[in-house]
Amino acid sequence: MMKSLYHSFSLTSRHQILLRMYSPSARKIMSSSPIRKTQTTSFESLNDYDEQFPPLTGGSKKKKVSPTSETNFGCKHRDQGTRRSRASRSLDEEANVTTFEVAAGTGSRTSVVELDSTNPSSPSKSSQSHNLKIRKVRNHRNSGFKSRVQSPKRKEDPPFDICSSVIERNDTSINDWALADETNGETVEVSNKHRVLRPGMVLLKDFLTHDIQVDIVKTCRELGVKPAGFYQPGYRVGSKLHLQMMCLGRNWDPQTKYSKNTDIDSKAPDIPVAFSVLVEEAIREAHALIDRESGTEDAERILPVMSPDICIVNFYSESGRLGLHQDRDESQESIGKGLPIVSFSIGDSAEFLYGEKRDVEEAEGVILESGDVLIFGGECRMMFHGVKSIIPNSAPMSLLNESKLRTGRLNLTFRHF
Ligand SMILES: O=C(O)CCC(=O)C(=O)O
Ligand SMILES: [Fe+2]
């Protein structure tokens, strides 16, 4: 039926143990982020995803962003449902005519080679076996990209290629090379670098090993250069997001949200099973941390379990950013249960802001580095969050060399509809 060939994703036998990815080594020193000047913009004039922190050209107020900022006030999302929908409606109705620069990119089309979609996207029990293999298969039945109905925002441009054969970074660090591969520890303890940032919000530092990051980049690249791959989303009139985006599992765009999923031809590629396994592993790790810190076994109540059926993959160039917003287009049920968003960061570090309001001045910040996983669910599910800036030249050189990821940051946010 389908001819398969193995894809070298990390979950082959070579890398089974890497599912226990808790690198014992402090191979990276947390970046001390440069303090950026913040310029705020009245959000009355903004679309949902427009940045409230446009290019760093002025302003006077310094935003405190710590590598592992720890705060303990709650997110109180439970009572935000109605406030949220009111806010969303008014924002959605706004006509916005702000223009932004368009990220340049080259793209190429490749032959149709898909990740095996015969496995259910919810790997749950069987996926925990750590013996999963990701197969690339020729799947003509599922390869209907040609006739894919494109979003009105989607240009006819070729998809953006997140990789280049040229390494764009100009500084090399011997440490990157020396320490790149020391991630094979089978340690099962919860890393001391991980942090509970708020109840329901957990940062797993350095959770994705080097090899896994490389394979995620390669997999996203393969999917991303196909017609359903990366493009720069925006609104019908006006602004575009400062990033390239691709959807897995279910299509989403800032204007039509999840409504473009009715036509079989416009189906988004499946989430690779190995990605879902990593998500579930990350949530388990977060639970272990929450239990350890709270001294209870209450973690699943604070941070519910989630099996992803959507993954939004963003690529930010060095000038990329994303305004403060809530992830609120998933089902009422998913949001109501506080099913978490699980976010993987790969490549250059990001200054990530989060807070209870769509207010940059009040938001807290944390640096998300390559390999970090951020989870926010439970009472933090409706937290406002955004990417203030990408920190140039902060990606591990070994990652760039091996994956050929362009200068910039790859982010995958997993959700359950
Ligand atoms: O890039 C990030 O860290 C956040 C992305 C995000 O919030 C989103 O895609 O909704
Ligand atoms: Fe988001």
Side-chain angles (χ1 to χ4, degrees), residues 33 46-53 65 75 77 80 84 88 91 103 162 197 201-205 207-208 216 220 230-234 240-255 257-258 268 271 279 282 306 308 310-330 334-335 339-356 358 360 363-377 380-391 394-395 405 408-417:
S33 78
L46 295 173
N47 283 310
D48 280 11
Y49 294 84
D50 289 344
E51 79 279 18
Q52 300 83 20
F53 20 82
V65 179
C75 297
H77 97 278
Q80 286 189 344
R84 180 178 55 73
S88 81
L91 286 164
I162 61 169
L197 298 178
M201 182 180 186
V202 172
L203 174 60
L204 302 176
K205 289 301 297 176
F207 185 78
L208 306 167
I216 290 174
C220 288
F230 287 101
Y231 73 106
Q232 189 180 20
K240 280 185 176 296
L241 273 60
H242 281 268
L243 49 80
Q244 301 283 333
M245 185 188 79
M246 164 176 76
C247 296
L248 305 177
R250 204 181 263 253
N251 289 307
W252 178 91
D253 74 64
Q255 191 161 302
K257 316 295 185 189
Y258 289 114
I271 300 174
V279 169
M306 188 272 294
I310 303 159
C311 175
I312 297 181
V313 187
N314 294 328
F315 180 80
Y316 303 80
S317 69
E318 282 187 356
S319 60
R321 52 200 181 271
L322 181 62
L324 286 177
H325 65 278
Q326 294 167 307
D327 292 347
R328 61 184 180 206
D329 300 326
E330 293 72 32
S334 176
I335 290 172
L339 300 189
I341 304 292
V342 177
S343 158
F344 292 3
S345 292
I346 297 175
D348 282 333
S349 305
E351 286 183 282
F352 182 86
L353 299 189
Y354 60 97
E356 286 167 65
R358 201 183 190 215
V360 177
E364 289 188 71
V366 66
I367 302 292
L368 298 181
E369 297 175 289
S370 196
D372 291 353
V373 173
L374 180 71
I375 305 176
F376 52 98
C380 282
R381 174 60 178 78
M382 292 309 292
M383 192 177 67
F384 283 90
H385 58 280
V387 174
K388 184 183 167 209
S389 72
I390 302 300
I391 301 173
S394 51
L405 181 66
R409 170 173 179 261
L410 188 66
N411 171 259
L412 293 81
T413 51
F414 296 90
R415 308 125 194 263
H416 184 87
F417 186 77

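Everything numeric here is computed off the predicted structure, so don't read it as measured data. In listed order, ligands and their atoms are each counted from 1.
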Could you tell me whether the side chain of C247 reaches within less than 4.5 Å of the side chain of I310, counting heavy atoms only?
no
Which protein N or O atoms sit under 3.5 Å from any N or O of ligand 1? Give each pair with its distance.
residue  : atom   : partner : partner atom : Å
ligand 1 : 1 (O)  : Y316    : OH           : 2.5
ligand 1 : 1 (O)  : R409    : NH1          : 2.9
ligand 1 : 1 (O)  : N411    : OD1          : 3.1
ligand 1 : 3 (O)  : R409    : NH1          : 3.3
ligand 1 : 3 (O)  : R409    : NH2          : 2.8
ligand 1 : 3 (O)  : N411    : ND2          : 3.4
ligand 1 : 7 (O)  : H325    : NE2          : 3.1
ligand 1 : 7 (O)  : H385    : NE2          : 2.9
ligand 1 : 9 (O)  : N314    : ND2          : 2.9
ligand 1 : 9 (O)  : R415    : NH2          : 3.4
ligand 1 : 10 (O) : H325    : NE2          : 3.1
ligand 1 : 10 (O) : D327    : OD1          : 3.1
ligand 1 : 10 (O) : R415    : NH2          : 2.9

Suppose we call two aromatic rings close when their centres sit under 6.0 Å apart. Are F230 and F315 close by that rule?
no
Angle subtended at the Fe ion (ligand 2) by D327 OD1 and H325 NE2, to the nearest 10 degrees, is 90°
Within the distance-only criterion (no hydrogens, no angle test), does the side chain of D348 pair as donor or acceptor with the backbone N or O of R409 below 3.5 angstrom?
no
Once side chain to side chain donor-acceptor pair (under 3.5 Å) is applied, do any residues pair with H385, and if so which ones, sequence neighbours excluded?
H325, D327
Ring centroid separation F344 to F414 under 6.0 Å:
yes
The side chain to side chain donor-acceptor pair (under 3.5 Å) partners of T413 (sequence neighbours excluded) come to R415
